[in-house]
2 protein chains.
Amino acid sequence: MINSHPTAAELYQIVRKRLPKISLGTVYRNLELLTQNRTIRKLEIGGSEARFDGVIKPHHHIRCIACGVISDLFDVPQDVVPQQYLSLGDYDVRGYRIEFYGLCPLCKSKQATEEINNT
Amino acid sequence: MINSHPTAAELYQIVRKRLPKISLGTVYRNLELLTQNRTIRKLEIGGSEARFDGVIKPHHHIRCIACGVISDLFDVPQDVVPQQYLSLGDYDVRGYRIEFYGLCPLCKSKQATEEINNT
DNA sequence: TTATATGCAAATGATTTGCGTAGTC
DNA sequence: GACTACGCAAATCATTTGCATATAA
């Protein structure tokens, strides 16, 4: 598995193993349909390509600043921003989107190793 | 003023009034330089085009879901996510980016008017 | 004159779309 | 036969890049 939040191009490669004649256009078309369907979720997350999430249940995401992998954060509640901050300003605040970032376990340990080797 | 968080294309139109021969490529090149400089900030916010912010001081943004305008949220503290949620999971969390969304004052009142008219 | 910035056009990368065809009801 | 989904290629949109020239140090 490439990862659990694949891009359209990654899905294209995966699907192609089963349907060798499928076109990238069809992949995009169907991802769009599934998104409107709310069968999947389209993530507008940092980076140039959109990513898709098969888990519909609302949850936040974290992106590794080293390798770019996206992970789910089921432990961080959806309404993590205290209510008091949602009534500020003259906007009618409807919600927010958080993108956490940091080092994934793999890159974290890789970095630790490098630090040791550089000493 | 178009708005305070212009896209590269919007800036191109503005700058062109003063420097009619400037090219869009130069605008992109200089925005990139200023971003690396930390003279401006490049916002990776929803929508297909990047937006640029002349205010370097860290602050959050809110986007109007009706008209797309971006506004600053100086009243919402930078560390609005309670500390306890930053140590969850196996990531080394370095930070997060929040994008609030809702109705801007203009669209809010416009919508209120429509509701009255539809009654 | 040497380094740096620019205009211009072409290249790139992600995504969308038009169109003719194949498969389905 | 009518509808829908598809393959394919071309179009689109934002952004980047190569290159020859202009400008500045």
Side-chain angles (χ1 to χ4, degrees), chain A residues 1-56 61-71 97 99 101, chain B residues 1-56 61-71 97 99 101:
Chain A
M1 170 177 20
I2 297 187
N3 72 55
S4 53
H5 302 85
T7 63
E10 285 169 349
L11 283 166
Y12 175 54
Q13 293 305 331
I14 294 168
V15 174
R16 220 133 85 100
K17 290 178 190 154
R18 303 236 169 202
L19 307 169
K21 308 209 60 177
I22 201 173
S23 75
L24 184 54
T26 300
V27 171
Y28 272 106
R29 260 188 291 241
N30 289 340
L31 286 172
E32 175 64 22
L33 285 175
L34 292 168
T35 301
Q36 308 220 327
N37 252 359
R38 288 162 203 270
T39 304
I40 63 174
R41 198 146 73 91
K42 183 176 184 176
L43 307 180
E44 313 235 358
I45 235 171
S48 57
E49 294 166 82
R51 291 179 173 276
F52 297 87
D53 195 335
V55 180
I56 272 303
H61 294 95
I62 185 164
R63 180 158 46 98
C64 178
I65 53 180
C67 72
V69 72
I70 312 283
S71 305
R97 209 154 51 71
E99 181 190 335
Y101 52 85
Chain B
M1 169 177 23
I2 297 186
N3 72 52
S4 52
H5 302 85
T7 63
E10 286 169 349
L11 283 167
Y12 175 53
Q13 294 305 331
I14 294 168
V15 174
R16 221 133 86 98
K17 290 178 192 156
R18 303 235 167 203
L19 306 169
K21 307 210 57 174
I22 200 173
S23 74
L24 184 55
T26 300
V27 170
Y28 272 106
R29 260 188 293 239
N30 289 339
L31 286 172
E32 175 64 22
L33 286 176
L34 291 168
T35 301
Q36 308 219 329
N37 253 358
R38 290 163 202 269
T39 303
I40 63 174
R41 198 145 73 91
K42 183 176 184 176
L43 307 180
E44 314 235 357
I45 235 170
S48 56
E49 294 165 81
R51 292 181 173 274
F52 298 87
D53 195 336
V55 180
I56 272 304
H61 293 94
I62 185 163
R63 179 157 46 99
C64 178
I65 53 181
C67 72
V69 73
I70 312 284
S71 306
R97 209 151 52 72
E99 180 189 335
Y101 53 85

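From a predicted model like this one, the values you see are computed outputs, not experimental measurements. Letters A, B, ... are given to chains in the order of the sequence lines, protein chains preceding strands, and every chain is numbered from 1.
- Taking A:L33 as the reference, A:N30 meet the side-chain contact (heavy atoms from CB on, under 4.5 Å) condition, with sequence neighbours excluded.
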Can you give me the N/O atom pairs linking the protein to nucleotides 21-25 of chain C at distances under 3.5 Å, or say none if there are none?
none

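- Atom CZ in A:R29 sits 13.5 Å away from atom CG in A:L34 (nearest 0.5 Å).
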Using residues 19-26 of chain B as the side-chain source, report each donor-acceptor pair under 3.5 Å to any protein atom, sequence neighbours left out, with the distance given to one decimal.
| unit_1 | atom_1 | unit_2 | atom_2 | d |
| --- | --- | --- | --- | --- |
| B:S23 | OG | B:T26 | N | 3.3 |
| B:S23 | OG | B:T26 | OG1 | 3.1 |

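- With sequence neighbours excluded, the residues that form a side chain to side chain donor-acceptor pair (under 3.5 Å) with B:D53 are B:H5, B:H59, B:H61.
- Considering all non-hydrogen atoms of both residues, A:K42 and A:A50 come closest at CE-CB, 3.8 Å.
- When every heavy atom of B:F52 is checked against every heavy atom of B:T7, the shortest pair comes out as CD1-C, 4.5 Å.
- Counting all heavy atoms, side chain and backbone alike, B:I56 lies closest to B:T39 at CG1-O, 3.5 Å.
- Not counting sequence neighbours, A:R41 has no partner by the salt bridge (charged side-chain N to carboxylate O under 4.0 Å, His left out) test.
- Listed by chain and number, the residues in a side chain to side chain donor-acceptor pair (under 3.5 Å) with A:Y12 are A:R16 (sequence neighbours excluded).
- Contact check of residues 33-50 of chain A against DNA chain C (heavy atom, cut-off under 4.0 Å) returns A:S48, A:E49, A:A50.
- Taking the 5' to 3' direction, DNA chain D first and last meets chain A under 4.0 angstrom from a heavy atom at D:dC6 to D:dC8.
- Listed here is the closest heavy atom pair of B:A9 and B:E49: CB-OE1, 4.2 Å.
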Polar atom pairs between nucleotides 17-19 of chain C and protein, under 3.5 Å, N or O only, would you list them?
| unit_1 | atom_1 | unit_2 | atom_2 | d |
| --- | --- | --- | --- | --- |
| C:dG18 | O6 | A:R29 | NH1 | 3.2 |

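- Residues forming a side chain to side chain donor-acceptor pair (under 3.5 Å) with B:E44 (at least two apart in sequence, or on another chain): none.
- To the nearest 0.5 Å, the span separating CD1 on A:I70 from CG on A:L43 amounts to 7.5 Å.
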